[in-house]
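Worksheet: the structure to be examined is printed underneath.
Keep in mind that the numbers below use all heavy atoms, side chains included, and drop hydrogens, waters and symmetry copies. Every chain is numbered from 1 and lettered A, B, ... according to where its sequence line falls, protein lines coming before strand lines. Fair warning: this is a prediction, and the values are worked out from it, not measured in the lab.
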Protein chains: 2
Amino acid sequence: MKFAIAQLNYHIGNFQENTWKIIQHIDKARNENADLIIFSELSVCGYPPNDLLERKEFLDWTNQAIEKIVAETKGIAVIVGAPTINASQKGKKLHNSAIFINDGKIEKIVHKTLLPTYDIFDEYRHFEPNTEFEVIHFMGMKIAITICEDLWDDQPTSNSFSKSKLYITSPLDELSKLNPNLVINLAASPFSYDQEGNRKKIMQQNAKEYKLPIVYVNQVGAQTELIFDGGSMLINQHGEVEQELAYFEEDFRMVDLSHPSEISVQPHYSNIEKIYKALILGIKDYFQKTGFKSATLGLSGGIDSALVAVLASEALGAENIHTLLMPSKYSSDHSITDAVQLAENLGIRYDIVPIQEIVDSFDMAMAPVFKGLPPGVAEENIQARTRGILVMALSNKFGNILLNTSNKSECAVGYGTLYGDMNGGLSVLGDVYKSDIFKLARYINRENEIIPVNTIVKPPSAELRPDQKDTDSLPEYELLDQILFRYIELNLSPDEIISQGYDEKVVRKTVRMVNINEYKRFQAPPILRISSKAFGFGRKIPLVARYEG
Amino acid sequence: MKFAIAQLNYHIGNFQENTWKIIQHIDKARNENADLIIFSELSVCGYPPNDLLERKEFLDWTNQAIEKIVAETKGIAVIVGAPTINASQKGKKLHNSAIFINDGKIEKIVHKTLLPTYDIFDEYRHFEPNTEFEVIHFMGMKIAITICEDLWDDQPTSNSFSKSKLYITSPLDELSKLNPNLVINLAASPFSYDQEGNRKKIMQQNAKEYKLPIVYVNQVGAQTELIFDGGSMLINQHGEVEQELAYFEEDFRMVDLSHPSEISVQPHYSNIEKIYKALILGIKDYFQKTGFKSATLGLSGGIDSALVAVLASEALGAENIHTLLMPSKYSSDHSITDAVQLAENLGIRYDIVPIQEIVDSFDMAMAPVFKGLPPGVAEENIQARTRGILVMALSNKFGNILLNTSNKSECAVGYGTLYGDMNGGLSVLGDVYKSDIFKLARYINRENEIIPVNTIVKPPSAELRPDQKDTDSLPEYELLDQILFRYIELNLSPDEIISQGYDEKVVRKTVRMVNINEYKRFQAPPILRISSKAFGFGRKIPLVARYEG
């Protein structure tokens, strides 16, 4: 049997484009004499559709798209992913399904069994799980069709206090009773740099354990926060990766099961390279899918905004980036010269708009109300918010999206001004710790000095008061990030972190800062997710909660 | 058997206070010779704890609190709600449980069977459902203990395209096989004005269908967005409400099952009265639970900010409200006089800070960048954002929380400025349609003119350009709100709405405005929820999604 793996970038709700893409690839596969072509999870409507699944018209459009696709399957078999209506009178109204179409006819619909409801997933919200297991008979083969999480039954729960299995059912245990000779998995598995090796390992373990080849078809592309990295695979029954498709881009591959071709896998990338590619894809797709072309951002002369400018130039083209330099009386000279140097290195537009007069007009206006009170955070925030207004004015005037430049360390401890530097349509670095920001900057400068070295080596500062340094209020980032990673990604308790040798006072202070700043993150822009636990809808902490201890 | 119903206001994660409250009411019940006292769902830790349930320390604190409670149950039985560890090696690590304690010992732990995962609920994220059914034997009675959703098995799915049942299991079908003589339901059921009658009806239907009395114990109080309204009940086996506890406040009631007391139910309130009470409770609890005392807001002379000022004064005391009037050159005279009149009627502090000079300084600073371009939205937003900075400066300086004054109609169609009038720590009216804002204002003025009549009768305007009216860009609110309610709360498709007689062009334009403004709502403050479908985490629409048609 010859089959094609189609690893494509879908757009949620854009049925016209998704359908066109799917049909185009069916044609391509047919032209290459494929017997079967496989698309990824919910490919027809895009993943994750979230509450659009509650809308009748969304389901109507899905069904219309499926009809169009079915009509284009003369002489070939196709597996696409789509939501389908639960035929039973009980339970959630939809299934998350794989539709097996053969030569112009839907022959079988297989539903997803394991519905993830952790982190960014909440599939149980809309889907009823499958409970009956069948294989597909096709060209003398028995194929077990599974959907994403169905092969992840062996994972532990996400709670730090337990190592037991998250699921009660094992789909492959059930399916293997039917003696399949191939497992197909339609996936929508997002990238996270700290979990990424897991995926391959789990697929390989499954192949070995059940002695079955597995075709894993992932989607690629970003859907708001989530970045799907592709990396579709054919793994043989010994657990070896025989075919591996590209990461962070669309790909298409023909595989002949009866005539094994040469092994073809992807080159090894470091975590930093992967994060770099992921963020560029994240920016590119957010703009393309929302119909925008150009971006705005403030350049402070610091490393975060410099990095965002580089990534945005790469994603959107230097000609589509419009930056503002907004010095105040606390800005050091190098802030301007470093920012100008960066802009010139990248060939992006920059304008210099000094903010001091605006800030003074705010201070004057509030003087009668603030009479007798010493200046403090209120005045510092006025500066950050003045800049926030200026970049938004630019965005409104020219129809650009403002890119937010806050990093994960700052977001975590609330070191940022709401309605000021926290503004933006998309947060590019909100899931990247400051320590990794430095690594990314060095990676970008590996051949030429694109980001001025001074921007990288000077001590980070918000420059909202004289001689301010981040370390005035925060631990050194190297240490801070280690504590944050343990508290946020690893979900360790403060006591557990302290028992690993971290200073108790620093740990308690850090945890406290994280907790009391939930309210700021609540209003943050969507954050491109590159880790296993990003701020945003994958992490729900009630704002009014008290955290004891 | 004599038992006590404890309808209390818990605070998520505040184990010290919750435990103290629970023990205090155990003492009170014992003093009144109760055999049993019943608390509501997850009373020990507060509902909803969300991802705090993934933290080991949170579970440790829960268990310590339960130990303390158990130690205080000499001579009485107690049912409290708490998360408990799933003893099985498979499945989610926790159950949502009712703990039956008798005379210093935990005698039984009953788990929730039906885990809601729609709208604001996502209990399947953390809890494994119960699958085995048992009754409690106590004082010669057989008691079926259920938790909230367990009695809601009969509801339809939330999809507009289906009327089938949401759940496969019916806990009362199973439990009734064990011949109980009483059903107890520990609830955490939030208020929504358009669904509120449902709850009583469902409980009454259950009582009648199974011919069993039901004790329904709800929590009261607000947890960030969610407002729990209390209204605990005893319903007899004929489906009659015999006892009904207070709405929107804590309450405690002794019931003697063997000696029925007189029927005691609550007075009837109109929807508007309920919304009024709900919003006040929502403000009060947000401040109290986050440890704040005082609020800031901008008074525009319009009805939305006037209403928020009234509600906040009621919730926090007039002495804790500090308002700003921020006229620009487009502000009409009545904007100031109406706002001043309101502030004086309420006895709240107000300062007048004209914004024109600040706005001019922005325009001047951006002039070189905007050279040759006509003024437009960018300049209008600068005004709204200048005001946003000023109220935030007040909030920062005095440690107040800024109350947001946007209404649901505006939020829905994106008629508001991000980082401007959309600022705030809490949105008071973000779930209240403009039509209901008028009704609330008239309700408030039912005896005295608290809100100046001119504020109510003048045509709504953002006053960001000369002679601007909301109806320049929007349909009349009466019409707009009807379309919005059908699209958002009822989840009808545009075609369905049009088929009800609404103008096609207006419907399509309205739906389009709702869809293209998801990005603004993504960054909105938490919104006090009073309807069955509020903006916020109960409604998840992917930002990059395309909406065809």
Side-chain angles (χ1 to χ4, degrees), chain A residues 11-15 50-52 54 56-57 61 89-91 93 117 122 124-125 157-162 164-165 168 223-224 289-290 351 353 357-358 361-362 365-366 369-370 377-378 381-382 385 388-389 392-393 396-397 419 423 491 493 523 526 539-548, chain B residues 11-15 50-52 54 56-57 61 89-91 93 117 122 124-125 157-162 164-165 168 223-224 289-290 351 353 357-358 361-362 365-366 369-370 377-378 381-382 385 388-389 392-393 396-397 419 423 491 493 523 526 539-548:
Chain A
H11 180 185
I12 298 165
N14 193 339
F15 293 97
N50 295 343
D51 288 358
L52 290 172
E54 293 177 11
K56 181 185 178 299
E57 63 271 31
W61 295 331
Q89 286 307 297
K90 286 184 175 182
K93 246 329 41 149
T117 55
D122 63 349
Y124 211 86
R125 185 172 173 91
T157 68
S158 59
N159 294 317
S160 64
F161 49 93
S162 152
S164 58
K165 280 173 74 166
I168 289 175
Q223 309 279 9
T224 317
K289 290 177 182 177
T290 55
D351 287 287
V353 178
E357 283 181 29
I358 306 171
S361 71
F362 272 112
M366 289 306 276
V369 187
F370 288 175
V377 171
N381 283 342
I382 283 176
R385 290 183 177 131
I389 290 194
M392 283 306 295
N396 287 152
K397 187 59 91 185
Y419 320 131
N423 286 2
N491 230 352
S493 70
Q523 298 186 42
R539 185 174 174 278
K540 304 178 187 176
I541 308 292
L543 290 197
V544 297
R546 200 175 151 214
Y547 181 89
E548 307 224 318
Chain B
H11 180 186
I12 298 165
N14 193 338
F15 293 96
N50 296 343
D51 288 357
L52 291 173
E54 294 178 10
K56 180 186 178 298
E57 64 271 31
W61 296 332
Q89 286 307 298
K90 286 185 176 183
K93 247 327 46 173
T117 54
D122 64 350
Y124 211 86
R125 185 171 172 90
T157 68
S158 58
N159 294 319
S160 64
F161 49 92
S162 153
S164 59
K165 280 172 76 166
I168 289 175
Q223 309 279 11
T224 317
K289 290 177 183 178
T290 54
D351 287 288
V353 178
E357 283 181 29
I358 304 172
S361 69
F362 272 111
M366 289 306 276
V369 187
F370 288 175
V377 172
N381 283 342
I382 283 175
R385 291 184 175 130
I389 290 195
M392 281 306 295
N396 287 152
K397 189 59 93 185
Y419 320 131
N423 286 2
N491 230 352
S493 70
Q523 297 186 43
R539 184 173 174 279
K540 303 178 187 175
I541 308 292
L543 290 197
V544 297
R546 201 177 150 210
Y547 183 87
E548 308 224 320

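Ranked by non-hydrogen atom pairs under 4.5 Å with chain A, the options B/Gln223, B/Lys90, B/Met366, B/Lys397 are led by B/Lys397. Comparing A/Val377, A/Val369, A/Asp351 by heavy-atom pairs within less than 4.5 Å of chain B, the highest count is held by A/Val369.
Proximity of A/Thr117 to B/Asp122: side-chain heavy atoms (C-beta onward) are nowhere separated by under 4.5 Å. Residues A/Ile382 and B/Ile389 meet the side-chain proximity criterion, which asks for heavy atoms closer than 4.5 Å. No side-chain heavy atom of B/Glu357 sits less than 4.5 Å from a side-chain heavy atom of A/Ile358. Between B/Leu52 and A/Ile541 the shortest side-chain heavy-atom distance falls below 4.5 Å. Residues A/Met392 and B/Arg385 form a side-chain contact, since some pair of their non-hydrogen atoms from C-beta on lies under 4.5 Å apart. With contacts defined as side-chain heavy-atom distances shorter than 4.5 Å, the pair B/Arg546/A/Ile12 does not qualify.
Residue contact with chain B, scored on non-hydrogen atoms closer than 4.5 Å, involves the backbone and the side chain of A/Asn423 alike. For B/Asn14, the parts sitting under 4.5 Å from any heavy atom of chain A are the backbone and the side chain alike.
The closest donor-acceptor contact from the side chain of A/Thr224 to the backbone of B/Val544 lies under 3.5 Å. One N or O on the side chain of A/Asn491 and one on the backbone of B/Glu54 form a donor-acceptor pair closer than 3.5 Å. Checked by atom type and distance alone, the side chain of A/Asp51 pairs as donor or acceptor with a backbone atom of B/Lys540 at under 3.5 Å. In this structure, B/Glu548 contributes its side chain and A/Phe15 its backbone to a donor-acceptor pair below 3.5 Å.
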Practice problem: Tell me, with the steps shown, if B/Tyr547 and A/Glu57 meet side-chain contact (heavy atoms from CB on, under 4.5 Å). | Solution: CA-CA 10 Å; B/Tyr547 183 87; A/Glu57 63 271 31; 2.4 Å; yes

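To the nearest 0.5 angstrom, B/Leu543 atom CG is 13.0 Å from A/Lys289 atom NZ.
In plain terms, the two heavy atoms of B/Gln523 and A/Pro526 that are nearest each other are NE2-CD, 4.4 Å. Across all their heavy atoms, B/Ala378 and A/Ala393 have their closest contact at CB-O, 3.7 Å. Residues B/Ala545 and A/His11 come closest through the heavy atom pair C-NE2, 4.1 Å.
Below 30°, between 30° and 60°, or above 60°: for A/Tyr419 and B/Tyr419 the angle between ring planes is between 30° and 60°, a tilted geometry.
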